[in-house]
Amino acid sequence: MAKNQELAKLFEEIGKALEFKGENQFKIIAYYKVARVLRDLPQDIEQIWKAGKLREIPGIGEGIAKKIDEYLKTGRMSKYEEVMKDIPKELLELMDVQSLGPRTLKLAYERLGVKTKEDLLRVIENGSLEKLPGMGKKKVENIKKGLEIWKGQEERISIGIALPLVERIVNYLKGEYPDVQISPAGSLRRMKETVGDIDILVGKDNGKEIIETFTKFEEVERILAKGDTKGSIIVKSGEQVDLRVVPIQSYGAALQYFTGSKAHNIKLRTIAKGENLKVSEYGVFRGDKFIAGRTEEEVYAVFGLPWIPPELREDRGEIELAMKGQLPKIVEYNEIKGDMHVHSNYSDGADTIEKIAKYAKELGYEYIVIADHSKSAKYAHGMDEERVKKQWEEIDRVAKQVGIKIFKGIEVEIDREGNLDFSQEFLAKFDVVIAAFHRAVKQDLTPIFIKVCHNPHVDIIAHPTGRLISQRAGYTVDIDRVIEEASKTNTALEINAYYDRLDLSDINAKKAKDKGVKISIGSDAHNVGMLNYLRFGIGNARRAWLEKDDILNTLSAKELENWLKTHKAHIS
DNA sequence: GCCGTTTTCGGCCCGACTGTTTTCAGTCG
């Protein structure tokens with residue numbers, strides 16, 4: 001799968017370079033689209049290429065197929081080299097800075113010689129950026145803010161990148177050492193939305209050999225360290241991965257120790273101290289005597305505690321509850337019966353309803369909610385009433401043919417007054433109405449969301465805070481007030497599982513749970529590969545202490561249908 | 001660049017917001 005990521009990165013950079021150069025915007029979109037498709041593709045592009053089926057993937061046409069072919073044959077792509085020839089690589093990275101687009105960057109590059117983050121900071125500070133034509137105090141201020149967010153984020157790796165990467169490495173190692181215990185550790189195992197570094201733990205009495213194997217992973221770019229107990233690599237996509245090897249009898253203790261969080265571990269060690277015990281990555285000791293450490297269960301059991309799921313280990317009260325035997329029974333990954341938010345090619349999704357339905361069935365889902373954009377989402381090819389009706393016919397046909405329940409949903413646009421895209425009469429005809437706000441405005445959206453809660457046809461509010469983890473904080477909205485109102489009106493709130501959103505966040509989702517608000521977990525998939533992102537949302541839900549009953553899509557299709565019909569009965 | 005039950009050429013991505021302007025350019029979704 002490594003080639004998928006490599007190609008995705010190349011196409012994304014070509015897209016950026018063309019944007020910088022002011023190329024045809026549709027061409028740029030085509031490159032970005034294929035980058036996304038490749039990044040999320042569940043199959044290995046190399047296999048598809050070998051089978052001669054590149055062109056069957058939506059987004060890959062004659063031109064891009066040729067480029068993929070060239071790259072897989074020669075390891076190079078002449079188009080990439082050509083467009084990158086006269087652009088410094090660091091410059092393109094700056095395009096990810098919020099409020100700094102290709103035009104401004106080009107201007108800064110040509111007039112002020114800005115090539116790096118440091119250059120940019122300098123021309124912000126010395127006022128020369130502000131003096132350029134079309135620039136001014138506020139624009140520069142926004143770019144400065146964007147740069148700060150970007151700088152703060154660049155060190156952290158999204159779980160959407162980190163988890164698949166770690167799984168590729170763990171699978172590779174397990175292939176070589178089938179009988180050895182191997183696991184991701186650190187904040188990644190706790191399913192945190194971003195992680196600082198990637199840790200993998202191995203339980204093996206002799207580490208040298210497996211560390212050697214680790215450094216031969218196909219995606220390795222550079223080996224930083226290679227010893228008896230620790231190996232460290234940088235992979236081609238730029239992330240650093242550390243591998244630690246501990247003796248088998250210490251595996252559980254080490255896994256517990258390296259999984260964290262730090263705060264959780266400190267609390268556990270404090271308890272240990274009170275009982276004259278010592279906990280370290282090597283085990284639990286009384287004096288010099290080893291009493292536990294082979295498994296995590298064993299370690300927790302020493303303190304009379306049940307095993308605590310990694311997602312709960314944040315010292316948010318979980319240890320106290322565990323001591324009382326009152327740990328919440330958080331939702332299991334296999335308790336999710338369907339995906340609540342999926343886009344098809346009726347709006348800006350890449351795949352047909354049929355393809356989505358078949359893949360969802362493969363995933364073992366009982367149902368999915370197709371929720372495409374509504375008409376005023378022009379950028380996303382939003383649907384008007386006519387196209388919606390056409391879609392309904394297709395849904396009925398596909399559902400019957402594939403044998404999966406498909407709910408007729410809509411991700412309906414909310415305007416600045418809190419009105420929706422369709423009439424109340426028309427909204428009433430959908431199975432599931434997910435209301436969403438997508439504009440970049442500074443106005444306080446709290447009253448708008450409250451109004452939406454009171455709309456009897458709105459079942460769910462999508463990504464309620466509007467944050468994009470790598471880019472922006474989110475809307476101006478008092479989320480506590482919205483949760484309060486959602487609770488009063490029985491409106492569900494979404495955990496959007498797309499890894500750059502994860503919105504509601506774990507903290508906000510927990511607040512919602514505490515107020516009795518139902519949570520809907522949706523992948524917001526724009527192609528079938530993205531259906532796999534749902535697990536990030538489930539991980540987030542687990543971090544939020546959500547139990548089966550807090551979540552809409554643990555309901556069976558029948559139960560969900562019933563909930564949809566009755567949950568707003570008290571609102572007229 | 002891709003795509004095709006109007007099309008192998010011409011549509012796809014358009015509107016809103018912000019900040020700079022005094023009619024528009026850049027950015028965003």
Side-chain angles (χ1 to χ4, degrees), chain A residues 7 10-38 54-68 77 79-80 82-83 94-108 129-146 343 345 347-348 350-352 373-382 384 390 393-394 411 413-417 421 436-443 445 462-463 466-468 470-476 496 498 500-501 503 524 526-527:
Chain A
L7 281 162
L10 286 177
F11 286 130
E12 184 161 282
E13 285 184 6
I14 291 174
K16 273 190 191 174
L18 296 182
E19 211 175 352
F20 181 76
K21 290 178 178 197
E23 256 278 9
N24 175 299
Q25 55 188 328
F26 301 111
K27 200 184 278 193
I28 295 164
I29 288 171
Y31 276 112
Y32 284 145
K33 188 180 170 186
V34 77
R36 188 173 79 176
V37 167
L38 285 172
L54 283 180
R55 296 287 300 276
E56 288 180 24
I57 298 171
I60 298 181
E62 195 188 346
I64 289 193
K66 256 189 197 154
K67 292 176 181 70
I68 294 176
M77 192 185 292
K79 174 75 178 183
Y80 176 78
E82 179 203 318
V83 297
L94 286 176
M95 268 174 53
D96 290 339
V97 174
Q98 176 93 345
S99 305
L100 181 63
R103 315 311 312 155
T104 310
L105 194 56
K106 194 169 184 194
L107 196 67
L129 185 62
E130 197 182 317
K131 290 199 181 71
L132 291 179
M135 298 301 289
K137 213 181 181 64
K138 288 200 171 173
K139 274 196 177 181
V140 172
E141 224 164 74
N142 283 336
I143 292 170
K144 195 178 169 186
K145 268 187 214 152
H343 291 272
N345 60 356
S347 65
D348 59 350
D351 290 315
T352 61
H373 292 280
S374 65
K375 55 189 173 187
S376 72
K378 304 275 190 217
Y379 61 87
H381 195 43
D384 60 15
K390 234 183 109 196
E393 287 169 18
E394 189 163 333
E411 181 176 8
E413 289 294 307
I414 307 171
D415 74 11
R416 300 185 66 174
E417 271 78 52
D421 245 0
F437 193 89
H438 285 112
R439 296 154 207 261
V441 294
K442 287 189 172 164
Q443 86 185 82
L445 297 184
H463 41 74
R467 72 167 178 170
L468 285 177
S470 65
Q471 291 169 47
R472 56 155 202 240
Y475 320 128
T476 304
N496 188 297
Y498 183 65
D500 205 24
R501 285 194 184 271
D503 179 11
D524 204 355
H526 283 70
N527 56 59

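Any value given below was found using the heavy atoms of this structure, including those in side chains, with hydrogens, waters and symmetry copies removed. Below, chains carry the letters A, B, ... as their sequence lines are ordered, and counting in each starts from 1. Computed from a predicted structure; not experimentally measured.
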A.B. asks: Looking at the side chain of A:Leu468, which of B:dT18, B:dG1, B:dG29 is the nearest nucleotide?
C.D. replies: B:dG29
A.B. asks: For the backbone of A:Gly466 and the side chain of A:Asp503, can you confirm whether one donor and one acceptor N or O come within less than 3.5 Å of each other?
C.D. replies: yes
A.B. asks: Rounded to whole angstrom, note down the P distance from B:dG4 over to B:dC13.
C.D. replies: 14 Å
A.B. asks: Identify which one of A:Lys139, A:Met135, A:Met95 satisfies the side-chain contact (heavy atoms from CB on, under 4.5 Å) criterion when paired with A:Thr104.
C.D. replies: A:Met135
A.B. asks: Please give the distance between the C1' atoms of B:dT6 and B:dC12 as a whole number of Å.
C.D. replies: 15 Å
A.B. asks: Which nucleotide wins on minimum distance to the side chain of A:Lys138, given the candidates B:dT27, B:dC28, B:dT20?
C.D. replies: B:dT20
A.B. asks: Checking contacts here: which listed nucleotide (B:dG26, B:dC17, B:dC13) is nearest the side-chain heavy atoms of A:Arg416?
C.D. replies: B:dC17
A.B. asks: Ignoring hydrogens and angles, state whether a donor on the side chain of A:Ser374 or A:Asp421 is under 3.5 Å from an acceptor on the partner side chain.
C.D. replies: yes
A.B. asks: Given B:dG19, B:dG1, B:dC3, which nucleotide is nearest the side-chain atoms of A:Lys442?
C.D. replies: B:dG19
A.B. asks: Would you say A:Lys21's side chain and A:Val83's backbone share a donor-acceptor pair under 3.5 angstrom?
C.D. replies: yes
A.B. asks: Expressed as a whole number of Å, how far does the C1' atom of B:dG26 sit from that of B:dT20?
C.D. replies: 10 Å
A.B. asks: At 4.0 Å (heavy atoms only), tell me whether A:Lys67 reaches a base, stays on the sugar-phosphate, or touches nothing.
C.D. replies: sugar-phosphate
A.B. asks: Hey, does A:Asn142 reach any base, or is it just sugar-phosphate, or nothing, if we go heavy atoms under 4.0 Å?
C.D. replies: sugar-phosphate
A.B. asks: Of all the choices, B:dT20, B:dT27, B:dC13, which nucleotide is nearest to the side chain of A:His381 once you look at every atom?
C.D. replies: B:dC13
A.B. asks: What orientation do A:Tyr475 and A:His463 show, parallel under 30°, tilted 30 to 60°, or perpendicular over 60°?
C.D. replies: tilted
A.B. asks: Taking atom P in both B:dA16 and B:dT5, compute the distance separating them and give it to the nearest angstrom.
C.D. replies: 31 Å
A.B. asks: When you compare B:dG29 with B:dT23, how far apart are their P atoms, in angstrom units rounded to a whole number?
C.D. replies: 30 Å
A.B. asks: Within less than 4.0 Å of OP1 or OP2 of B:dC3, is there a side-chain N or O belonging to A:Arg55?
C.D. replies: no
A.B. asks: Considering only side-chain heavy atoms of A:Gln98, which listed nucleotide, B:dG19, B:dG15, B:dC28, is closest?
C.D. replies: B:dC28
A.B. asks: Checking contacts here: which listed nucleotide (B:dT27, B:dC14, B:dC2) is nearest the side-chain heavy atoms of A:Ile64?
C.D. replies: B:dC2
A.B. asks: Kindly point out which of B:dC13, B:dT27, B:dG1 is positioned nearest to the side chain of A:Thr104?
C.D. replies: B:dT27
A.B. asks: Using a 4.0 Å heavy-atom cut-off across all strands, classify A:Gly59 as base, sugar-phosphate, or nothing.
C.D. replies: sugar-phosphate
A.B. asks: Please measure how far the C1' atom in B:dG1 lies from the corresponding atom in B:dT8, and state the result in whole Å.
C.D. replies: 15 Å
